[in-house]
Amino acid sequence: AVSLLVIHNYGPYVGKVNKNVNVISVEKGAITFYNRVCGKILRNIGLYKYVCRKKCEKLVQSDFDVVISFTTNEALFYHSFIMKKGKRNLSWVHIDVEKNRYSYPFSSKEEESKVYSQMDEIIFVSNDAKNAFNNVFSINVPQKVIYNIVDKEIRFDVVSILLNDKNKVVESEIIKNAFESEFYYR
């Protein structure tokens with residue numbers, strides 16, 4: 001059986017989740033002003049991590065063959081609470097953490113680094129994402145690059161065709177550089 005732990009159970013992909021997947025939602029409904037204020041208060045008095053950990057312990061009762069956090073920061077943060085539930089723990093990095101550097105909801109880079117160092121493996125969507133990660137973190141964990149299904153060359157061709165239709169003349173170097181930026185690591 002497959003379970004999917006989501007922080008908020010809404011967004012463009014919620015309806016696309018297979019009906020056989022057990023969706024576990026940490027927060028019910030959309031983010032409200034009340035949620036944000038409560039979160040800030042809990043962070044300011046040092047209880048945010050404790051409350052999040054208790055929610056996860058209550059929601060996630062099963063053990064798993066593999067636990068994967070598919071994005072950095074918040075997903076990794078929640079992953080840290082259920083690591084003991086997985087025989088293997090993987091983190092999947094989709095961004096250039098050097099250019100998009102923030103540790104929220106971790107209290108520090110060191111705390112975030114500690115969680116990464118407990119992974120069995122860290123997977124990256126590109127060598128650029130991997131290199132940027134290694135420039136920020138010094139972690140001795142096996143690493144692997146698994147490219148997204150749609151790679152840069154295919155996207156380059158598609159965008160070139162679309163822009164040619166609209167603009168007649170395309171500066172291909174500009175497009176190529178856009179695809180090599182951190183925005184397209186997803």
At what distance, to the nearest 0.5 angstrom, does [atom1] of [X] lie from [atom2] of [Y]?
X: I24; Y: S3; atom1: CD1; atom2: OG; answer: 4.5 Å
X: K55; Y: Y78; atom1: NZ; atom2: OH; answer: 6.0 Å
X: L59; Y: F81; atom1: CG; atom2: CZ; answer: 12.5 Å
X: S126; Y: D96; atom1: OG; atom2: CG; answer: 8.0 Å
X: K99; Y: D128; atom1: NZ; atom2: CG; answer: 8.0 Å
X: I7; Y: S25; atom1: CD1; atom2: OG; answer: 9.5 Å

Is the shortest side-chain N to carboxylate O distance from E112 to K109 below 4.0 Å?
no

Non-hydrogen side-chain atoms of [X] and [Y] separated by less than 4.5 Å:
X: I123; Y: V93; value: no
X: V2; Y: N22; value: no
X: L5; Y: V26; value: yes
X: S108; Y: E111; value: yes
X: R88; Y: I68; value: no
X: P142; Y: I122; value: no
X: R43; Y: K49; value: no
X: V125; Y: I146; value: no

N127 and Y147: side-chain donor and acceptor closer than 3.5 Å?
yes

Checking Q143 against N134: is there a side-chain donor and acceptor pair closer than 3.5 Å?
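Judged by distance alone, the side chains do pair up.
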
So which atom in G86 and which in V67 form the shortest heavy-atom distance, rounded to 0.1 Å?
CA-CG2, 3.7 Å

Of all heavy-atom pairs between L76 and S91, which one has the smallest distance, and what is that distance?
CD1-OG, 3.8 Å

Kindly write out the residues that satisfy side-chain contact (heavy atoms from CB on, under 4.5 Å) with Q118, not counting sequence neighbours, or none if the list is empty.
M83, K114

Under the rule for side-chain contact (heavy atoms from CB on, under 4.5 Å), what residues qualify as partners of D63, not counting sequence neighbours?
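Here the qualifying residues are K85.
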
Take V115 and H79, measure what side chain to side chain contact (heavy atoms under 4.5 Å, CB included) needs, and give me the verdict at the end.
CA-CA 9 Å; V115 175; H79 186 158; 5.7 Å; no

Are W92 and L4 linked, directly or through other ILVMFWY residues, by side chains that come within less than 4.5 angstrom of each other?
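Cluster IDs for W92 and L4 differ.
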
Give the cluster check for V21 versus I82: same hydrophobic cluster or not, with ILVMFWY residues linked at side-chain heavy-atom distances below 4.5 Å.
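V21 does not cluster with I82.
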
Determine, step by step, whether V37 and Y34 satisfy the side chain to side chain contact (heavy atoms under 4.5 Å, CB included) criterion, reporting the C-alpha distance in whole Å, the side-chain angles of both residues, the deciding distance to 0.1 Å, and the verdict.
CA-CA 5 Å; V37 170; Y34 175 78; 5.9 Å; no

Please lay out, stage by stage, how V66 and L90 fare under the test side chain to side chain contact (heavy atoms under 4.5 Å, CB included).
CA-CA 7 Å; V66 181; L90 310 176; 3.9 Å; yes

Under 3.5 Å, side chain of D120 to main-chain N/O of N89, donor-acceptor pair present?
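Yes, because the side chain of D120 sits within donor-acceptor range (under 3.5 Å) of the backbone of N89.
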
Measure from the side-chain N and O atoms of H94 to the backbone N and O of F70, and report whether any donor-acceptor pair falls under 3.5 Å.
yes

May I ask you to decide if the ring planes of F137 and F133 are parallel, tilted or perpendicular, using 30° and 60° as cut-offs?
tilted

Do the ring planes of F77 and F106 sit parallel (below 30°), tilted (30 to 60°) or perpendicular (above 60°)?
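It falls in the perpendicular class, over 60°.
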
